[in-house]
Amino acid sequence: MTFDEEWARLKSDAQHNAPPGMQLAGYNTENRQSPDGAYAPDLTVHQDDLGAVGHDAFVLHRKLQ
């Protein structure tokens with residue numbers, strides 16, 4: 001199915017108040033499996049981690065200037 005064909009079908013469904021039936025390609029949140037079956041790690045980030053990344057980015061930006 002081409003993009004134009006799919007887009008026309010989705011618009012037609014929306015006009016008839018039917019849900020488009022789309023699903024994001026993600027991983028299963030119950031067992032944290034990616035679509036290809038590989039393990040998907042927990043992507044939790046803490047404030048300290050963000051601060052360290054921001055600081056490193058700032059230092060790198062200053063060096064590039």
Side-chain angles (χ1 to χ4, degrees):
M1 175 180 291
T2 67
F3 174 80
D4 291 331
E5 291 169 338
E6 184 176 5
W7 184 246
R9 182 181 59 81
L10 291 172
K11 288 193 312 186
S12 175
D13 288 349
Q15 288 174 345
H16 294 96
N17 295 327
M22 294 176 60
Q23 182 177 352
L24 294 177
Y27 67 88
N28 183 334
T29 57
E30 291 177 14
N31 60 10
R32 294 176 21 198
Q33 293 282 322
S34 65
D36 63 1
Y39 175 74
D42 186 9
L43 301 177
T44 301
V45 177
H46 302 283
Q47 273 311 106
D48 293 342
D49 297 333
L50 291 177
V53 170
H55 175 73
D56 290 346
F58 178 76
V59 169
L60 177 61
H61 181 260
R62 285 288 185 201
K63 289 179 180 179
L64 291 173
Q65 283 181 335

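Reckoned from all heavy atoms, side chains included, excluding hydrogens, waters and symmetry mates.
With sequence neighbours excluded, the residues satisfying side chain to side chain donor-acceptor pair (under 3.5 Å) with Gln65 are Arg62. For Glu5, the side chain to side chain contact (heavy atoms under 4.5 Å, CB included) criterion is met by Met1, Thr2, not counting sequence neighbours. For Leu50, the side chain to side chain contact (heavy atoms under 4.5 Å, CB included) test picks out Val45, Gln47, with sequence neighbours left out. Remark: Asp48 pairs with no residue by the side chain to side chain contact (heavy atoms under 4.5 Å, CB included) rule, at least two apart or across chains.
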Name every donor-acceptor pair, under 3.5 Å, that has one atom in a side chain of residues 54-61 and the other anywhere in the protein, sequence neighbours excluded.
none

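Applying the 4.5 Å side-chain rule to ILVMFWY residues, one finds Trp7 in the same cluster as Phe3.
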